[in-house]
Amino acid sequence: EYSKSQKEASGLLISYLNTNNKEYFKKFSDEISVPIGDSLARVGLKMNHPESTIIHGFLQGRNQSADIDDMIWLFKKFSRSTYFVKSIHEWEAADASIGHLHRVGFAIRRENVLQTLTAESRAGYLAKIEKLNNSLGNHLGIFSAVLAESFRVISSMLLYLNITFI
């Protein structure tokens, strides 16, 4: 949902930028809250926040409630492994870009409300959104690839341990 919502939020923000239709901004805010929720969960896991805070973040991120306990366990058990360190680094970088996109959205809203948005500033915002989308695409692509590889390695290790010791 992170990537899907980020792309949807970006498209909605561009629509808002071009039309000043408040519905687009409301939908942008709804969609951008999804990756922000996952970000809150990641920070909560890293900072050892209460599990209820982490669960709330994952639910805001539209993760399936049935998967959340496993996600928390996996992060806590393997977050220091080589593969997870790299994927967490990409997640953090993507989260930084999400935060920037969120701030750009509110800057656009401020200019729309104040009626100070010019053609020049509109073009500047559009360039920022496109740059952030490219950055997010790169980070999320690496994140997914590294995470998939880490799951394969961990699954193989767990299978080996089950066969060896059971």
Side-chain angles (χ1 to χ4, degrees), residues 1-72 74-76 79 84 86-148:
E1 289 292 319
Y2 188 112
S3 180
K4 178 183 171 192
S5 292
Q6 171 267 311
K7 289 175 187 172
E8 186 69 21
S10 295
L12 290 162
L13 185 56
I14 291 169
S15 294
Y16 177 66
L17 177 63
N18 290 325
T19 66
N20 194 20
N21 182 328
K22 294 175 186 171
E23 280 302 307
Y24 287 126
F25 187 79
K26 181 186 178 315
K27 291 176 182 176
F28 160 77
S29 295
D30 291 344
E31 291 301 319
I32 200 75
S33 74
V34 172
I36 289 172
D38 282 331
S39 177
L40 294 171
R42 178 192 52 77
V43 170
L45 284 162
K46 196 170 184 179
M47 305 299 282
N48 206 26
H49 288 171
E51 202 162 287
S52 61
T53 302
I54 297 163
I55 290 169
H56 178 75
F58 278 137
L59 288 173
Q60 180 179 324
R62 296 185 189 152
N63 293 282
Q64 297 296 316
S65 58
D67 297 335
I68 293 174
D69 287 341
D70 291 339
M71 293 166 69
I72 293 170
L74 193 64
F75 190 98
K76 287 181 176 180
S79 64
F84 269 79
K86 177 69 174 159
S87 62
I88 292 167
H89 172 75
E90 293 300 327
W91 187 1
E92 290 171 341
D95 284 350
S97 293
I98 288 293
H100 193 95
L101 183 64
H102 192 235
R103 289 187 299 277
V104 167
F106 276 90
I108 293 168
R109 181 171 182 253
R110 183 182 61 246
E111 285 201 45
N112 272 334
V113 168
L114 296 174
Q115 298 180 346
T116 58
L117 190 64
T118 64
E120 185 178 307
S121 63
R122 182 177 280 117
Y125 284 128
L126 185 57
K128 284 180 186 180
I129 294 166
E130 289 174 359
K131 183 178 178 184
L132 287 166
N133 279 337
N134 290 336
S135 173
L136 279 158
N138 291 336
H139 291 302
L140 294 174
I142 294 168
F143 171 82
S144 295
V146 172
L147 195 60

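Small disclaimer: the values here were computed from a predicted structure and weren't measured.
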### Task
Please confirm whether the backbone N or O of G11 pairs with a side-chain atom of S15, one donor and one acceptor, at under 3.5 Å?
yes
### Task
Evaluate the criterion side chain to side chain contact (heavy atoms under 4.5 Å, CB included) for residue pair R122 and N18; output intermediate values, then yes/no.
CA-CA 8 Å; R122 182 177 280 117; N18 290 325; 3.8 Å; yes
### Task
Look at E90 together with K86 and state whether they make a salt bridge at an N to O cut-off of under 4.0 Å.
yes
### Summary
Tightest non-hydrogen contact, residues I32 and S29, listed as CG2-O, 3.4 Å
### Task
Could you go through the side chain to side chain contact (heavy atoms under 4.5 Å, CB included) check for L132 and S10 one step at a time?
CA-CA 9 Å; L132 287 166; S10 295; over 6 Å; no
### Task
Applying side chain to side chain contact (heavy atoms under 4.5 Å, CB included), run through K7 and S3 and close with a yes or a no.
CA-CA 6 Å; K7 289 175 187 172; S3 180; 3.6 Å; yes
### Message
Checking Y2 against D95: is there a side-chain donor and acceptor pair closer than 3.5 Å?
### Response
yes
### Query
Taking everything shown except H56 itself, do over 12 heavy atoms lie less than 6.0 Å from its NE2?
no
### Query
Among S33, S39, P35, which one satisfies side-chain contact (heavy atoms from CB on, under 4.5 Å) with Q60?
S33
### Query
Any side-chain heavy atom of L17 within less than 4.5 Å of one from L13?
no
### Task
Quick one: pull up CZ in R42 and CD1 in I88 and give me the separation to the nearest 0.5 Å.
8.5 Å
### Message
Once rounded to the nearest 0.5 Å, what's the spacing between atom NE2 of H100 and atom NZ of K128?
### Response
5.5 Å
### Summary
Tightest non-hydrogen contact, residues F28 and H102, listed as CZ-CA, 4.1 Å
### Query
Taking S87 for the side chain and F84 for the main chain, is one N or O donor matched with an acceptor at less than 3.5 Å?
yes
### Sub-4.5 Å side-chain heavy-atom contact between L40 and T53
no
### Task
For Q6 and N133, run side chain to side chain contact (heavy atoms under 4.5 Å, CB included): C-alpha distance rounded to whole Å, both residues' side-chain angles, the deciding distance at 0.1 Å, then the answer.
CA-CA 8 Å; Q6 171 267 311; N133 279 337; 2.7 Å; yes
#### Entry: Listed partners of E1 passing side chain to side chain contact (heavy atoms under 4.5 Å, CB included), at least two apart
K4, S5, V34, R62
### Query
Rounded to the nearest 0.5 Å, how far apart are CE of M71 and CG of D38?
6.0 Å
#### Entry: Approximate separation, where rounding is to 0.5 Å, of N20 CG and R109 CZ
10.5 Å
### Message
To check you understand the geometry: which heavy-atom pair defines the closest contact between A41 and I54, and what is its length?
### Response
CB-O, 3.6 Å
### Query
If you round to the nearest 0.5 Å, how far is CD1 of I108 from OH of Y125?
6.5 Å
#### Entry: Straight-line distance of K76 NZ to K46 NZ, nearest 0.5 Å
15.5 Å
### Task
Quick one: sort the Y16 and F25 rings into parallel, tilted or perpendicular, breaks at 30° and 60°.
tilted
#### Entry: ring-ring contact (aromatic ring centres under 6.0 Å, His included) against Y24, all qualifying residues, sequence neighbours excluded
none
